[in-house]
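The structure appears below as structure tokens.
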Amino acid sequence: TVPRSKGLRDAEHQRASRIPSQFSQEERVAMKESLKGAIQIPTVSFNPGEFNTTALAEFGEYMHKVFPTVFRTSFIQHEVVGEYSHLFTVQGSDPSLQPYMLLAHIDVVPAPDQGWEVPPFSGLERDGFIYGRGTLDNKNSVMAILQALELLLIRNYIPRRSFFIALGHDEEIVAPGSISAGVRGTWGSEDLSPPPGKGCPARLHVDEGSFILDGFIPSLKKPFAMVSVSEKGSLDLMMEVNMTPGHSSAPPKETSIGILAAAVSRLEQTPMPNMFGSGPLKMTLQQLANEFSFPANVIFNNLWLFWPLVSRLMERDDITNALVRTTTAVTMFNAGIKVNVIPPVAQATVNFRIHPAQTVQEVLKLAKDIVVDDRVQFHVLEAFEPLPVSPFDDQALGYQLIRQTIQSVFPEINIVAPGICIAQTDSRHYTNLTTGIYRFNPLYLQPQDFSGIHGINERISVQAFETQVKFLFEFIQNADTEQRPVSHLHEL
Ligand SMILES: CCCCCCCC/C=C\CCCCCCCC(=O)N[C@@H](CCSC)C(=O)O
Ligand SMILES: [Zn+2]
Ligand SMILES: [Zn+2]
């Protein structure tokens, strides 16, 4: 017989207090309409200090309207942080259990209309999909977290383990992270020892930053869940060339624009070194090895021999290339004042996403060695080192809770693997709060969907959003365990 593992709870306890994640048709319609309403509020953040404050304020009111039970429950404290971020403290019945945090962000990147099949802030539903900026990044999570909590509370749920919901309004800009600053402010200074009643520093975080990945690796036919246990670093580098302005009828051999354009071109044409094998990717692929068809399964089971081939193959695709190296993206170029004036200044901004095997300083030096032109000045606008790898062994509560919830909500997914987030998340502001930082959005993502994130036609299927609510509904209850989860049930 299958030994009855204590698992997260013994069966009796689970049956007595477990609330099934089944929603009425009315609740299902209401949750998708709530998401549409959230998308219609253009909470765009442009640059540091440049937000749509009217929309951010409107969103705060909107949350009160669509989640009334959350806001009137006595054991839930709501605080506005930094004017437009929101921190919910959900007080559990067992203060001995360390709390956890669920992170999401309200702000979205701008979305010019061109290229969109529907207006980017319409929230229109078409062919089973809800379209709009923020449907994947990251209003889906904001609404799914609060929706799951609302549905639990309506069903008289009382958590045992306290938890925090931190909804930031400035994730998409280079900022100190108002919500994390607010959390520090609420809980005390750098040591983050919270005042009485706030519970201990959080035990784990769950944020955006990975998905159930489907179709990202050729010859891997099955989708798999990748839980990002780290994230790449970033370096925003502004390069500048200054020259004496003058009449364009007698130009110098090179203008500031020409000098900078050549420097930028050298950077683009000289990729950073391929670091395959010196980050979490190799571990991800080893866990996936037996899911590949022949001969890929032989290759991935023998990376000691085939790693040069694999590292080259990974470079071919922009997304998998981002896993093996520090990426270089020239994202801004500003220069020139008038067609008949030699341009006094040219500026270009390069966004590097730093591989975990490199540091900010190493990338900066490599960039200077590639540009090799003293006329180009380097200005570091912002930099973050790659984040440490969070634990994902059998004893890592956060990772195992996510894994367990994936297995119950997505029974068709038989691989849950640790990985790295190629982008940045707000979780980088919380590294001194916990080592258990995990990034996972319980959604299927295909390469064409990824192009919608910060791109055009960002969309989420109605079904996927409903399943995301279900995941959080289950996760919050699973987190109530007082025991470490058993990550592997004994097979017959
Ligand atoms: C081995 C398997 C293949 C792995 C494929 C990975 C596919 C991509 C998966 C996840 C990417 C995460 C994207 C969502 C999160 C984006 C968050 C974001 O936009 N952050 C901003 C923060 C700006 S801070 C100034 C960012 O620009 O990174
Ligand atoms: Zn984003
Ligand atoms: Zn995001």
Side-chain angles (χ1 to χ4, degrees), residues 43-48 103-111 133-142 167-178 180 207-220 222-228 230-236 276 279-289 291-292 296 300 310-311 313-314 317-324 327 329 331 349 351-354 381-384 387 415-429 439-441 443-455 458 460:
T43 51
V44 178
S45 52
F46 298 94
N47 289 301
L103 298 183
H105 64 89
I106 296 166
D107 63 320
V108 296
V109 296
R133 177 63 81 228
T135 46
L136 289 177
D137 182 17
N138 179 237
K139 280 179 178 170
N140 57 310
S141 297
V142 169
L167 308 177
H169 73 275
D170 55 8
E171 192 275 347
E172 294 288 5
I173 59 163
V174 173
S178 299
S180 60
D207 194 0
E208 64 182 337
S210 192
F211 299 87
I212 295 175
L213 302 169
D214 184 9
F216 284 89
I217 310 182
S219 76
L220 179 62
K222 284 185 193 171
F224 74 98
M226 185 175 84
V227 179
S228 292
S230 179
E231 69 183 47
K232 293 177 85 171
S234 69
L235 165 61
D236 293 339
F276 180 81
L281 176 61
K282 189 174 174 184
M283 169 182 58
T284 309
L285 295 174
Q286 284 168 332
Q287 292 219 17
L288 291 168
E291 298 300 315
F292 287 92
F300 287 114
V310 172
S311 64
L313 289 174
M314 299 292 274
D317 171 85
D318 294 346
I319 293 176
T320 51
N321 178 59
L323 293 163
V324 300
T327 52
T331 53
T349 303
N351 178 246
F352 295 96
R353 301 300 175 113
I354 305 174
L381 302 180
E382 184 72 28
F384 278 96
L387 264 65
I415 290 281
V416 178
I420 185 167
C421 178
I422 59 175
Q424 271 66 53
T425 68
D426 260 351
S427 63
R428 70 180 185 278
H429 299 302
R439 303 150 193 87
F440 179 72
N441 241 329
L443 301 171
Y444 280 78
L445 188 83
Q446 296 175 336
Q448 61 268 29
D449 301 327
F450 180 73
S451 62
I453 298 176
H454 292 203
E458 184 178 351
I460 188 172

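Counting starts at 1 for both ligands and their atoms, following the listed order. Along the sequence shown, residues carry numbers from 1. Nothing here was measured: the structure is a model prediction, and the numbers come from that model.
Below 3.5 Å of separation, one finds an N or O of E171 facing an N or O of ligand 1. The shortest N or O to N or O distance between Q424 and ligand 1 is below 3.5 Å.
Distances from ligand 1 to the non-hydrogen atoms of I173 include at least one value under 4.0 Å. For Q446, the closest heavy-atom approach to ligand 1 does not fall below 4.0 Å. Using a 4.0 angstrom heavy-atom cutoff, R353 counts as in contact with ligand 1.
Near F224, meaning under 4.0 Å from one of its heavy atoms, ligand 1 places the atoms 2 (C). Per-residue contacts place H454 under 4.0 angstrom from the following atoms of ligand 1 (heavy atoms of the residue considered): 19 (O). Of all atoms in ligand 1, numbered sequentially from 1 with element shown, those under 4.0 Å from a heavy atom of I217 are 1 (C), 2 (C).
Remark: the backbone N or O of T425 is paired with a side-chain donor or acceptor of E231 at under 3.5 angstrom. With hydrogens and angles disregarded, a donor-acceptor distance shorter than 3.5 Å links the side chain of R439 to the backbone of S228. Between the side chain of N138 and the backbone N or O of H105, at least one donor-acceptor pair lies under 3.5 Å.
Under the salt bridge (Lys or Arg N to Asp or Glu O under 4.0 Å) criterion, E171 pairs with no residue, sequence neighbours left out. The salt bridge (Lys or Arg N to Asp or Glu O under 4.0 Å) check on R133 picks up E458, with sequence neighbours excluded. Residues forming a salt bridge (Lys or Arg N to Asp or Glu O under 4.0 Å) with E208 (at least two apart in sequence, or on another chain): none.
Taking a cut-off of 2.8 Å, the protein N, O or S atoms nearer than that to the Zn ion (ligand 3) are H105 NE2, D137 OD1, E208 OE1, E208 OE2.
Contacts between E231 and ligand 1 below 4.0 angstrom, taking non-hydrogen atoms only, are absent altogether. Residue contacts with ligand 1, taken as heavy atom pairs separated by less than 4.0 Å, involve D137 solely via side-chain atoms from C-beta onward. By the criterion of a heavy-atom distance under 4.0 Å, neither the backbone nor the side chain of L288 is placed next to ligand 1.
When every heavy atom of M226 is checked against every heavy atom of F440, the shortest pair comes out as O-CD1, 3.4 Å.
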